[in-house]
Structures are given as structure tokens and as C-alpha cells.
Amino acid sequence: MTSVLPAGGVAEQPTDRTAVRLSGVSKVYGRGPAAVHALDNVSLDVAPGEFVCLVGASGCGKSTLLSLVADLDRPTAGTIEVAGGARPGLMFQEPALFPWLTVAGNVGLPMRLRKVSRAERAERVAELLRTVHLDEFGRRRPHQLSGGMRQRVAMARTLALDTPVLLMDEPFGALDAMTRDILHDEIERIWQQRGLTVLFVTHNVREAARLGDRIVLLSSRPGRVVADWRVDVPRPRRIDSPEIAAIAAQVTDRLREEVRRHGS
Amino acid sequence: MTSVLPAGGVAEQPTDRTAVRLSGVSKVYGRGPAAVHALDNVSLDVAPGEFVCLVGASGCGKSTLLSLVADLDRPTAGTIEVAGGARPGLMFQEPALFPWLTVAGNVGLPMRLRKVSRAERAERVAELLRTVHLDEFGRRRPHQLSGGMRQRVAMARTLALDTPVLLMDEPFGALDAMTRDILHDEIERIWQQRGLTVLFVTHNVREAARLGDRIVLLSSRPGRVVADWRVDVPRPRRIDSPEIAAIAAQVTDRLREEVRRHGS
Amino acid sequence: ACGGKSGSAAPSGPVTLRLGYFPNLTHATAVVGVKKNFFAERLGGKVKLDTKTFNAGPEAVEALFSGAVDATYIGPNPTVNAWQKSKGQAVRVVAGAASGGAAFVVKPGITTPEQLKGKKIASPQLGNTQDVALRYWLKQHGLNTTKEGGGDVAILPQANPDTVTAFGTGAIDGAWVPEPYASRLVKAGGKVLVDERDLWPGGRFVVTNLLVSTKFLKAHPDVVKNLIAGQVDANDFINANPAEAQQVVNAALGELSGKAPDPAQTADAWKTLTFLNDPIAPSLRDGAKHAEEVGLLQPVDLTGIYDLGPLNAVLKARGEQEVRA
Amino acid sequence: MGADRTIAGLDALDLAATASGESRLAKVWASAWPKLLALAFVLGVWQVVYWSGWREPWVLPAPQEVFADLARAVTTADFWRAIATTLRRGLVGFVLAAAIGLVLGVAVARVRPLRAALGSAITALQTMPSIAWFPLAILLFQISENAILFVVVLGAAPSIANGVISGVDYVPPLLLRAGRNFGARGLSLYRYVVAPASLPAIVSGLKQGWAFAWRSLLAGELLVIIAQRPALGVRLQGLREQNDAAGVISTMIVIFVIGVLADAVFSSADRRLRRAWGLDQA
Amino acid sequence: MGADRTIAGLDALDLAATASGESRLAKVWASAWPKLLALAFVLGVWQVVYWSGWREPWVLPAPQEVFADLARAVTTADFWRAIATTLRRGLVGFVLAAAIGLVLGVAVARVRPLRAALGSAITALQTMPSIAWFPLAILLFQISENAILFVVVLGAAPSIANGVISGVDYVPPLLLRAGRNFGARGLSLYRYVVAPASLPAIVSGLKQGWAFAWRSLLAGELLVIIAQRPALGVRLQGLREQNDAAGVISTMIVIFVIGVLADAVFSSADRRLRRAWGLDQA
Ligand SMILES: Nc1ncnc2c1ncn2[C@@H]1O[C@H](COP(=O)(O)OP(=O)(O)OP(=O)(O)O)[C@@H](O)[C@H]1O
Ligand SMILES: Nc1ncnc2c1ncn2[C@@H]1O[C@H](COP(=O)(O)OP(=O)(O)OP(=O)(O)O)[C@@H](O)[C@H]1O
Ligand SMILES: [Mg+2]
Ligand SMILES: [Mg+2]
């Protein structure tokens with residue numbers, strides 16, 4: 001059902017079937033004695049169409065890794081390659097909505113930047129807002145929304161990017177269990193429909209098991225890949241199914257061990 | 001083990017044993033056709049020293065309720081009373097850290113405002129940072145922290161307020177399961193030591209069952225109290241114990257029903 | 001059109017003469033000449049007169065230097081500056097326009113030079129005509145002054161309107177100023193200690209003259225001659241009809257500020273002025289010498305600053321007495 | 001119970017307006033009475049000082065004298081022509097300065113070598129008094145409207161550029177990162193992210209720029225007095241030279257009123273911005 | 001694979017400095033060469049225009065003539081005394097204006113009736129030219145340093161107040177709520193939350209205020225020329241009245257250099273702020 005690789009990172013042979021490849025990536029913030037080694041020699045290959053969940057303790061470097069893959073920051077060492085020159089879309093850990101735009105304006109912006117026609121844009125924005133169950137809120141401003149609603153708008157906006165590679169940083173952190181379940185179905189549907197490659201950071205190990213083809217565990221300071229599970233549960237999956245629970249338990253044990261070793 | 005009250009709110013007789021009392025509280029944002037009825041006729045009594053968890057779908061009015069209790073906003077109707085004139089401390093849903101202060105400066109600010117001496121402040125800040133496992137990060141700036149670390153700083157800062165009533169809005173939303181477990185223990189310890197009254201918003205129903213004396217369920221638009229459970233599991237509790245799981249399942253079912261009725 | 005072009009145009013072609021002046025009392029010649037068309041009549045149909053008004057001397061000289069005007073009425077002080085800065089190349093004085101119109105007004109208690117010791121006296125601007133006159137007069141009466149305002153009498157260069165206000169509040173004890181400010185100080189309770197006319201032979205000293213760019217003068221001597229002829233007509237008119245001239249000047253002042261000054265005040269000031277075509281060359285030279293003596297001017301050779309040929313030709317044609325540089 | 005619901009002075013005033021449900025009339029009144037009170041106060045003090053005989057009336061005229069002067073002026077065509085001329089010059093100069101200031105500001109804010117080269121020069125230019133530019137203005141533009149415009153633009157553009165720079169510098173990095181991630185690069189990043197995010201600072205810079213433009217203009221109008229075209233700056237100087245205290249004060253009142261109107265324009269832009277951003281509810 | 005790692009022009013320049021590990025010397029050089037280049041460019045153009053004989057040398061002097069003038073000036077004591085006097089006045093006036101502007105700004109920003117009463121008046125005062133205040137300055141302060149200070153403060157304080165107002169208006173409501181929740185009310189809310197949160201806008205307002213102060217000062221120094229005290233404003237006006245083009249330009253250079261130094265002070269405050277807030281890494 002699951003296969004645990006040896007800790008220390010993936011060492012597969014490079015193939016053409018790689019959507020995202022990190023080779024020996026390190027990231028150090030600052031210099032001198034105050035330097036923070038956020039990532040240390042991380043290597044990771046993600047196949048096209050794969051749904052990879054990243055888990056790890058708070059502050060272990062997950063967000064850093066995503067921002068490197070999204071080319072918003074440069075690694076201190078190592079290389080990052082994204083297949084076909086595609087720019088990955090990133091859903092940030094914070095909603096990062098533009099306060100000067102309405103909800104619909106925020107969701108429509110990536111399309112405006114791609115010069116999608118106004119009519120098509122309106123249609124797609126409406127569809128995306130339906131996906132995140134905010135169809136009535138298009139004309140609101142970000143400050144008029146609740147925390148969870150903002151997160152959903154951010155998700156719709158990232159989906160509007162239409163990129164083949166999607167990076168999501170705790171997209172459902174501020175959502176109640178029900179809404180989260182519904183959005184699990186939606187994101188799975190979109191992933192399958194569009195044939196996306198997804199790198200998905202979460203703290204909810206069950207969520208990782210519910211969604212991922214693989215679960216990658218990062219250690220803390222410095223961030224290293226310490227475990228990599230393949231989740232072979234057939235889809236559609238249910239988050240409260242015993243198989244998912246079993247995998248979650250296994251990952252949780254390993255995570256607990258990591259946290260104990262390093263402190264949080 | 002649990003007692004479910006009739007939906008529609010608490011109707012106990014007012015007693016001296018009330019720390020926080022909401023009577024017929026409504027909150028409407030905006031006016032005219034665009035008005036949002038965030039809360040509608042909410043009544044709720046919290047006994048001194050009680051740990052009450054609030055759950056509800058995204059956008060149902062939980063944050064609104066907390067900000068009314070914290071006196072940061074005025075109810076459109078109804079009254080809110082807090083025992084002994086104590087000002088409740090609120091941990092916001094966002095970290096809301098001050099970018100111009102270091103981590104230690106942020107945590108120390110509530111004490112500075114109370115004119116706590118410099119030496120005592122330094123000591124307490126160090127203690128609070130130990131509590132949230134960020135003892136090495138006192139001299140960092142908020143922008144140098146990860147999302148989960150920021151949330152923990154915000155928690156330490158709220159604890160520095162030393163108020164008898166504590167309001168927490170999804171304090172552990174951005175934390176991994178391990179760190180969260182550790183902080184569950186910490187917050188429970190502090191709550192018991194200080195004899196606090198806590199109103200705690202969470203999306204994690206297990207967390208609610210793990211921590212709460214009571215779990216209150218709000219419905220969506222307009223927000224109303226629709227259920228109120230007493231959690232009689234003796235402490236210390238474990239989040240993965242079957243009793244907690246059973247209560248969580250019960251709450252989840254009711255929540256699911258609510259969400260289905262209203263849409264998310 | 002820029003200066004270069006009109007300066008080098010063939011004398012026969014259409015020419016534009018750009019003439020500058022200040023809308024104030026001492027420029028009454030120019031104001032009357034323009035408003036009553038004396039210039040236009042003399043210049044004839046072939047020459048277009050384009051007038052520009054300035055607020056102060058430096059702008060007028062800047063405009064003359066950069067070719068934005070071809071001629072301007074201006075005071076003796078900027079005249080000397082323009083001559084000196086351009087090393088005698090850029091400009092020539094071709095006529096005078098007015099004389100007089102400056103006085104030393106003090107608080108009533110002061111009647112003798114000795115009483116000025118330790119007092120604060122204002123002048124319009126360091127090194128200008130009145131400032132030099134004040135310092136020279138004080139020196140003649142044994143009172144020392146310095147450029148920095150030290151010495152026996154403290155001299156404060158100050159804008160004339162502010163001087164009137166300052167005198168009104170008692171902040172200064174007197175001022176050597178041109179008209180109409182001298183009259184205003186008198187109205188504010190001051191007393192004339194020195195009328196500058198009393199210091200000059202014949203009571204005449206230059207206050208306004210006509211400065212022409214050398215280039216334009218060389219290219220269009222006939223135009224300059226006609227301009228001067230217009231000015232002579234204007235001065236004749238002023239001297240023959242002082243009341244009407246005052247009205248014209250008052251109206252011109254009113255155009256600027258939206259409000260004409262009190263005619264009585266204008267009449268008061270008018271009495272101290274003489275409008276004449278003689279540039280009173282000795283007073284310019286003596287003024288410069290005085291300035292040198294009180295240390296406000298580098299020695300300057302004014303030889304050649306006057307070109308009075310066209311003026312004398314005009315005067316001769318009218319049978320009037322010629323003037324000398 | 002006795003809840004702690006007392007609010008300290010300042011905060012009570014802060015919160016007063018948050019309470020909704022005021023009628024329209026009440027709102028107008030709330031904005032009008034402080035203005036009227038301030039006006040009454042100033043007039044009162046002035047009148048009392050006048051009555052006290054502190055200074056002669058020709059130095060410090062009575063309020064009624066000034067208002068009589070103003071009443072006389074408003075009936076003349078020249079008064080309105082002067083205002084129209086100066087306003088037109090001010091607007092043209094301001095628009096030019098805004099265009100130059102915006103471009104310069106954006107370029108300097110984001111292109112490092114340009115910032116190193118020109119950053120400090122912008123402030124230095126801002127501190128240069130208008131009269132210093134007069135010779136250059138005449139040299140370049142002779143005696144023309146353009147010479148006045150030149151002085152106005154040199155006065156206002158640096159201020160606007162500085163506003164833009166400060167705005168661009170404080171755009172939250174998270175929003176920039178979001179914009180980049182959406183494929184906004186170069187110009188489109190400016191158009192869709194940097195510009196709107198720095199709009200508040202830009203509006204504030206434009207307001208400061210207007211003040212610089214207006215002051216430079218009133219000085220610059222003295223540079224070349226263009227015939228047959230009355231202007232406020234010339235008028236102010238003319239009255240000053242006539243030592244007409246009442247006239248000077250009444251012209252100051254006109255300048256003041258124009259300033260208040262200009263402020264109303266900027267403030268309404270600013271208020272709309274704050275409402276949209278959710279900043280007026282704190 | 002062929003990853004899309006090309007970065008468009010502007011962005012490349014943006015990012016250039018993010019790359020760490022530069023040596024100290026390299027940094028100094030990176031900030032110096034654009035300045036030197038700009039300087040060389042200006043001097044070059046000036047020299048070429050001079051050589052072209054476009055204008056006579058007394059209208060547009062050669063660079064070397066101006067620098068010779070400057071070199072002569074710097075050896076005189078009066079030159080340095082003039083700079084010292086004007087700088088001292090500027091600093092005193094600016095500090096006064098800053099104090100008044102800050103208090104006024106905070107009061108107007110948060111007390112609604114005051115805002116309604118004075119909000120627009122502040123901008124209107126800002127647009128009032130310095131010469132309009134001269135009569136009042138003399139009335140109130142006679143012939144004294146205080147008259148100059150009065151004009152400077154009236155010039156700069158409104159600008160600073162406007163900066164403060166704009167800063168206070170844009171404090172994120174969340175931070176205000178957090179501050180209130182921690183028990184910060186009234187003054188302490190200002191001290192611990194509003195003031196630091198609006199610091200960037202305040203610094204920018206102070207910079208604009210300095211420019212206003214400096215310009216008002218150079219005009220105001222002509223108002224009362226105080227004995228034995230040479231000053232830059234007087235010097236500039238004196239040289240202009242003598243139509244001494246080289247002298248005017250060399251004085252402009254001095255004013256420019258002082259402006260650059262003033263900017264350096266404000267910029268370093270601003271840079272420190274941005275570093276602390278984590279804004280210089282975008
Ligand atoms: N300032 C505001 N203006 C208008 N509407 C608002 C405002 N703040 C909140 N709302 C609305 O009030 C409702 C309740 O919001 P609230 O933030 O209390 O929800 P919540 O229960 O905390 O949700 P979440 O779990 O997503 O944080 C939402 O529909 C929201 O859109
Ligand atoms: N700009 C920065 N400057 C300095 N240190 C930083 C910066 N950004 C992140 N770090 C540090 O890098 C480490 C990894 O941060 P990162 O945000 O990647 O963690 P994370 O895994 O996303 O954590 P979380 O789950 O809490 O969001 C942390 O120790 C953090 O303090
Ligand atoms: Mg993170
Ligand atoms: Mg909430």
C-alpha cells in the first residue's frame with residue numbers, strides 16, 4: 001500500500017518524465033552567525049501529473065521550497081528545473097489578496113494579465129467562485145470577508161492562473177472540516193481534468209493521505225527530505241476511510257519522531 | 001459523557017457565576033441590500049474558568065463574535081457583559097504582528113503597556129517564547145519567520161496580556177500536528193494555572209473536543225447558536241483517544257448537517 | 001521670434017521690436033508711450049511693437065541678455081550691472097527717461113545726521129542706487145557703514161513694501177527709498193530728512209533710462225531712432241498734461257493688481273519726479289564712483305556705455321538742445 | 001458585572017462616526033459646524049485685535065474692510081480673469097509635473113543605478129527656490145507662458161516623484177511576489193500591482209506636488225508679466241507693492257479658498273481609496 | 001527541460017542587488033558610478049552647449065568659470081558663515097515645524113471635528129506663497145530672526161502635518177485593533193502603534209517638509225536681512241540682482257549639495273526602516 005524510501009532524499013535516475021526537479025537545493029537566509037539554513041541539499045523529482053504532498057514541522061522550510069520552485073527566490077545552491085519552461089502557479093500561505101480589487105477582480109487578474117477577453121474572463125471567474133462556494137461574493141472587497149473566505153478566494157485566483165504546475169501552501173488551513181472536504185473533491189477533480197502536477201503543503205496528515213500520490217516529509221533546520229511515501233489507495237478516496245487513517249498514522253509517527261529529534 | 005442542549009441557544013438563569021454573557025447579540029455589516037447579517041440574536045453564557053470551543057462553517061461569524069466580546073466592535077443589537085470589567089485578550093485569526101518590533105518586542109508590548117518593569121518583562125518574554133518553542137527567535141523580525149512561527153508569536157503575545165478572559169481565533173491553524181499537540185498541553189496548563197476563561201474558535205473538531213469543557217456550534221448567515229455540547233471527558237485528555245473521537249464524530253455530523261442546510 | 005533672428009534680419013524686412021518696462025511710476029514715459037501709442041506712431045507700420053512688462057531689474061537684464069527683449073526701460077543700477085557683466089558688449093544706453101523720486105525718510109524725532117547713530121535704516125537692496133546714496137551720504141556726515149549692516153548706522157536692505165510695514169510697526173527708524181514708497185513713509189508718520197534732488201547739481205539724477213541690446217542697435221539703428229522719437233513725444237505729453245499722464249499710469253498699475261492706487265498718492269510722488277530725455281550721464285558715473293567709494297562696486301569703466309547719436313538726431317530734428325554722454 | 005466600557009476622550013471621538021445610521025443632514029452638519037466654528041474663531045480674534053488698536057488700520061485692516069475689498073473685487077472681470085489664468089497655468093503645470101514626476105518616480109524607484117544617480121538629486125531639486133530657475137527659464141523659453149510652466153514643473157515634479165518613490169518602496173513584498181507569480185513582469189507589474197498598491201502614497205505626493213506647483217506658480221508669474229493677462233501672482237505682488245494690506249489679505253483669502261477646493265479634490269480621492277481598501281473603519 | 005528563467009530588463013535590475021555576497025568596495029562602487037556618470041553627463045552637456053556659442057558667456061558661463069567662482073567663494077569666511085547661518089535657521093525652523101506639524105497632524109487625523117475644521121485648511125496654508133506672510137511676519141516679530149522662522153514654519157508645518165495625516169489614515173486597521181486589545185488607548189495607542197506604523201509616511205512627509213522649509217527660508221531671508229549675518233538666500237538674491245550668472249549657478253550648486261546631504265539623512269532613515277520592516281527584499 002505504501003512504500004517508504006530511505007531517508008536522505010530521492011535518488012532516481014533523471015528521466016523525461018519529470019515535471020519539477022530539485023537537485024541539491026539549499027537556501028540560506030541572511031549571512032554570518034545569524035544565517036538561517038532553511039533548506040539543505042534537497043533533491044526531489046516530481047513526475048508530470050503527480051500530486052505530491054509536503055509535510056514537516058513548523059518552520060522546516062516548506063514555504064521556502066515552494067517559493068524557490070515558483071522562481072520568486074533564488075536558491076543559495078543547487079538547481080531547480082521545471083518542465084517545458086512552464087511557470088508554476090503558487091497559492092501563498094497567506095491569502096495575499098489585492099485590497100484595491102474586488103473578489104472577482106482578484107480572481108480575474110491572472111487572466112487579465114494573460115489578456116483573456118472580458119467576456120470569457122467573467123464567465124471563468126463566476127465558475128471559479130462557484131468552485132470555492134463564493135458565487136455571491138464577487139463584488140465584495142477582501143476586507144469584507146472572513147479568514148476562510150479569503151483563503152478560498154486566493155485558491156480560486158491561483159486556479160485562474162491555468163498553469164500546468166500548481167504549488168499550494170496550506171490552502172485549506174483556515175477552513176472548517178466540511179468546506180475542506182468539499183474542496184478536496186474540487187481540487188482532485190480539477191487536478192484530474194487538467195492533468196496538473198501539484199506540490200501541496202499541508203499540516204493535516206490525513207489531508208495529505210487523502211489527496212497525495214506521494215507524501216514527502218521534510219526535517220527541520222536544516223530542511224532535508226527525510227521520508228517519501230507512495231500512497232497507493234485508489235481514488236475516489238474518503239478522508240475518514242481506514243486506509244487513509246492507517247497511512248496518516250504511519251506518517252504521523254515518523255513526523256513525531258522528527259519533531260522530537262529537532263524540537264519544533 | 002456529553003449532553004446536547006436544544007438548538008436555539010442557552011437559556012440558563014443569569015447567575016453570578018458568569019464570566020462572559022451575550023444576550024440577544026446581532027451584528028449587521030453594511031446597510032441596505034448589501035447588508036450582511038453576520039450574527040443574529042446570539043445568546044451565550046460562559047462560566048468563569050470555563051473553556052468553550054466555538055465551531056462553525058467558514059464565514060459563519062465566529063471572528064465577529066470574538067471581536068464583539070473583545071469590545072473592538074459594537075453589536076448592532078443586544079448586550080455583551082464581561083465579569084469584573086476585565087478586558088478580554090484576543091488572539092486574532094491573522095498573526096497581526098507589528099513589523100517594526102522584533103519577536104521579543106511584540107511579545108513584550110502588552111506588558112510594556114501595563115508598565116511592567118524591564119527586567120520582569122525580559123524574563124516573562126523569555127518564558128513565553130519557551131512556551132511556544134521559539135526561544136531562539138526573540139531577536140528576529142516578524143518577516144523572517146515562517147507562517148506557523150508567526151502564529152506562535154501571536155499566541156505568546158496574547159498570553160502576555162494576562163487577562164482573565166482569553167479569546168483565541170484559530171490559534172493553531174497554521175501548525176503541524178506535533179507542534180499543535182505540544183501547544184494543546186501548554187494552553188491547557190496555562191488555563192488551569194491561571195484559572196482563565198477561554199473562548200476558543202477552531203475548525204478542528206477533535207481539537208475542540210480535546211480542549212473544551214463545552215463545544216458551541218454556530219450556524220451560517222445569519223450566525224446563530226444551534227448546538228451546545230458539554231464535554232465530560234476527564235483531563236488529561238489525549239487527542240487520539242476514542243472518547244474524543246466519538247465526541248468529534250458527533251459534532252462533525254451536526255456540523256455537516258448545518259453546512260448542507262446552508263451551503264458553505 | 002528670437003533675438004538672434006530679429007537682430008540679423010535685413011533692415012528692409014518686417015521687424016519686431018520687443019520693448020520691456022516696469023509698470024510703475026518711474027517708468028511713466030514707457031507706460032504713456034505704449035498706452036497713448038506714441039511709440040507705435042513713430043515706429044510706423046513696418047515695425048511691430050511687442051511690449052513685455054517686468055517686475056524687477058534682474059529679469060529685465062536676463063531677458064535682454066538672452067535675446068527675449070531688444071530694449072528695456074530700467075534703472076541705473078541694473079544698467080551698470082548689465083554693462084559690467086557683459087564686459088561692455090551687450091548693451092547701450094540710448095536715452096534717459098526720468099529723474100528724481102527718491103528720499104530719505106525718518107522718524108520725526110530725527111533731525112540731524114548725528115541722531116542716526118545706532119539706528120536701523122532700510123534701503124531697497126544692497127548696492128542699488130538708493131543704498132549707495134544712503135551710504136555715501138552717511139559717509140559724508142562721518143558715519144560709517146558696512147556691507148554686512150554693521151558700523152555706526154545699521155543698514156537693512158529690504159523689499160520696499162516690507163519697509164513700509166516695518167516702519168509702520170516701528171521696527172526701523174528710517175529708509176532711503178524711491179517713490180512712491182517715500183511718500184508712503186511720510187504718510188505713515190515719517191519726515192523727509194533728505195530729498196535726493198538736493199544732493200545733485202540741478203536736482204537731477206537718473207532714475208530710469210532706456211537700455212538697448214547692442215546687436216539690435218547695430219542691426220536696426222533706424223528703429224531705435226524711431227523708438228526714441230516716440231519716447232520724446234511721450235515725455236512731451238507727460239510734461240504738458242501731467243494730470244492725464246498720471247491717470248494713464250494709475251490705470252496701468254490698476255491692471256496689474258486689479259486696483260488702481262490712490263490718485264492723490266500718485267500725485268504726491270509725481271511732484272518729486274522729472275521726465276526728461278537726457279540720461280544725466282554724470283549722475284550715473286558719480287553713482288558708480290560713490291558705490292566704489294563705499295566698497296560696493298568693483299571699479300568699472302563706463303566709457304562707451306552711452307550711444308546718444310540717435311537721441312541727438314531726434315532732438316536736433318525737433319530743434320531741441322542736444323545732450324552729452 | 002460592571003463591564004469596562006468606558007472609552008477615553010480621543011477614542012470616543014474616533015468612534016463617534018463609526019456609529020452608523022446618521023441622517024444625511026446630520027452628516028453635513030457634522031462636517032460644517034467645525035468649519036464654521038473655526039472661521040468664527042479666526043474672525044473673532046482678528047476683530048478683537050483690530051479693536052484693541054494694536055496696529056494702525058493701514059497695517060492691519062479690519063475684517064469688514066477686507067471683505068468689502070473682496071466684494072468689490074469679485075464684481076470686476078479682471079478678478080475672474082486673473083483666477084482663470086492662474087488656475088489654467090496651475091492645472092497645466094501640475095498635469096505636466098505629474099506626468100514627469102510619475103515616470104521619474106517609477107524609474108528611480110525600481111532601477112537601481114538610476115536611483116543611485118538621481119535619488120538624492122530629486123530632493124535637492126525640490127529644495128531649489130524658484131527664483132534660482134528664473135534665468136534658465138528665460139534663457140530656454142524667452143518671455144512666454146512656457147517659462148512660467150518650466151518653473152512650475154521644476155517646482156512640483158520632484159515632489160511628486162518623491163511621493164511615488166516612497167509609495168513604491170513600501171509596496172508589501174507579498175503583493176509583489178503574488179503579482180510576479182501571476183505573470184506580471186516589467187510594465188504590467190507596475191500597472192496591476194505597484195501602481196495601485198502605492199496609490200495612497202502617490203495621492204499624498206500629488207497633494208504635496210500641487211502645493212509646490214501653486215507656490216512656484218505664484219512666484220513664477222512675476223517672472224514674466226504677460227500683457228493683458230491678469231494673474232493672481234501678479235495681483236498679489238501688485239497689491240503688496242501698493243502696501244494695500246486689505247487687498248493683500250483679500251487675495252490671500254482667494255488663494256486660501258482655491259487651496260481648500262484643491263484639497264477637497266485630493267481628499268475625496270483619498271477617502272474613496274480608503275473606503276475601497278477597508279481602511280476607514282478601524 | 002529548458003526552464004523559463006529569463007528575466008526582463010527592469011526585473012533583472014531589481015534583482016541584481018538581491019544577490020548577496022558583494023564586497024564592501026563593490027557596494028560603494030555600485031552607488032558611486034551612477035552618480036559620477038550623471039555628473040559627467042551634466043557637465044559634458046553644459047560644456048558642449050557653451051562651446052557651441054549658443055549664448056554669450058555672461059548669460060551662460062562655462063563650467064570652469066563657475067567652478068572658479070566657487071573655488072574663490074569657498075576660501076572666504078563669509079561663504080561659510082552664510083551657509084552656517086542659513087543651515088542653522090533651516091534646522092531650527094524645521095525642528096519647530098516638525099514639532100508643530102506632528103502634533104497638528106495627529107490631532108487632525110484622529111479627532112473628527114478638528115479634521116472637519118482644519119483638514120482642508122492645512123493644504124490651503126501649504127499653497128500660500130511665502131511672500132504673502134511677510135507683512136504678518138513683520139507685524140508679529142518686527143525685524144528679527146523670529147520673523148524668518150515664522151515664514152519657515154508656516155511653509156513647512158502644513159506639509160509635515162499632511163504627511164502625518166496620510167500616514168495615520170493608512171495604518172492597517174488590524175494593527176490598530178491589536179493595539180487596542182493590548183490596552184493601548186489614547187496617547188499610548190499613538191506612541192506604540194499609530195506612530196511606528198505611520199513612520200514611513202511621516203519620514204516622507206518630513207522630507208517634503210524640509211523642502212518647503214528650505215524654499216521658504218531662502219525667500220524669507222530676504223524679508224529681514226540681519227546685520228553681520230550673511231545668508232544663502234541673501235547671497236543668491238544679491239548675485240541675481242547683479243546678474244552674476246556664474247555666481248548664481250555656483251550658489252545653486254551649494255544649495256544642491258546641501259539638498260543632497262539632507263536627502264542622505266532622510267534616505268538613510270528610510271532605508272533603515274525598510275530593512276527592519278523586511279521591505280527591501282522584494
Ligand atoms: N468588515 C466587514 N464588512 C462586511 N462584511 C463582513 C465584515 N467582516 C466580516 N464580514 C462578513 O461577516 C460574516 C462573518 O465573518 P467572520 O469573519 O465572523 O466569519 P468566521 O466565522 O470567522 O469565518 P472563518 O472561519 O472563515 O474565519 C462573513 O460573511 C463576512 O463576509
Ligand atoms: N525572509 C527570511 N529571512 C530570514 N529567515 C527566514 C525568512 N523566511 C523564512 N525564514 C526562516 O526559514 C525557515 C523556514 O521558513 P518557511 O517559511 O519555509 O517554513 P515553513 O516550513 O513554511 O513553516 P510553516 O509551516 O510554519 O509555514 C524558518 O526558520 C524561518 O525562520
Ligand atoms: Mg510556511
Ligand atoms: Mg474567522
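- Proximity to chain D (any heavy atom under 4.5 Å) is restricted, for C:Y181, to the side chain, taken from C-beta onward.
- To the nearest 0.5 angstrom, D:R240 atom CZ is 9.5 Å from C:N160 atom CG.
- Contact check for D:E56 versus C:T169: no side-chain heavy atoms found under the 4.5 Å cut-off.
- Note that CG of D:D69 is 3.0 Å distant from NZ of C:K259, once rounded to the nearest 0.5 Å.
- Within 6.0 Å of NZ in C:K191 there are more than 12 heavy atoms belonging to other residues, nucleotides or ligands.
- Both the backbone and the side chain of D:F134 come within less than 4.5 Å of a heavy atom in chain C.
- Each of D:D244, D:L239, D:V248, D:N243 was scored for a side chain to side chain contact (heavy atoms under 4.5 Å, CB included) with C:P161, with one residue passing: D:N243.
- Looking at D:Q237, the atoms closer than 4.5 Å to chain C (heavy atoms on both sides) all sit in the side chain, from C-beta outward.
- Interatomic distance, CD of D:E241 versus CZ of C:R184, reported as 8.5 Å (0.5 Å rounding).
- Only the backbone of C:A260 comes within contact range of chain D, with at least one heavy atom under 4.5 Å from a heavy atom of that chain.
- For chain C, the option among D:I131, D:T251, D:L222, D:L232 with the highest count of heavy-atom pairs below 4.5 Å is D:L222.
- Within the 4.5 Å cutoff, no side-chain heavy atoms of C:F167 are placed close to those of D:V59.
- To the nearest 0.5 angstrom, D:E221 atom CD is 11.5 Å from C:N55 atom CG.
- Within the 4.5 angstrom heavy-atom criterion, atoms from both the backbone and the side chain of C:A188 approach chain D.
- The candidate from D:L139, D:L236, D:D78 with the greatest count of non-hydrogen atom pairs under 4.5 Å with chain C is D:L139.
- Under a 3.5 Å cut-off, the side chain of D:Q142 and the backbone N or O of C:S66 do form a donor-acceptor pair.
- For D:W58, the part lying near chain C is the side chain, with the backbone staying farther off; criterion is any non-hydrogen pair under 4.5 Å.
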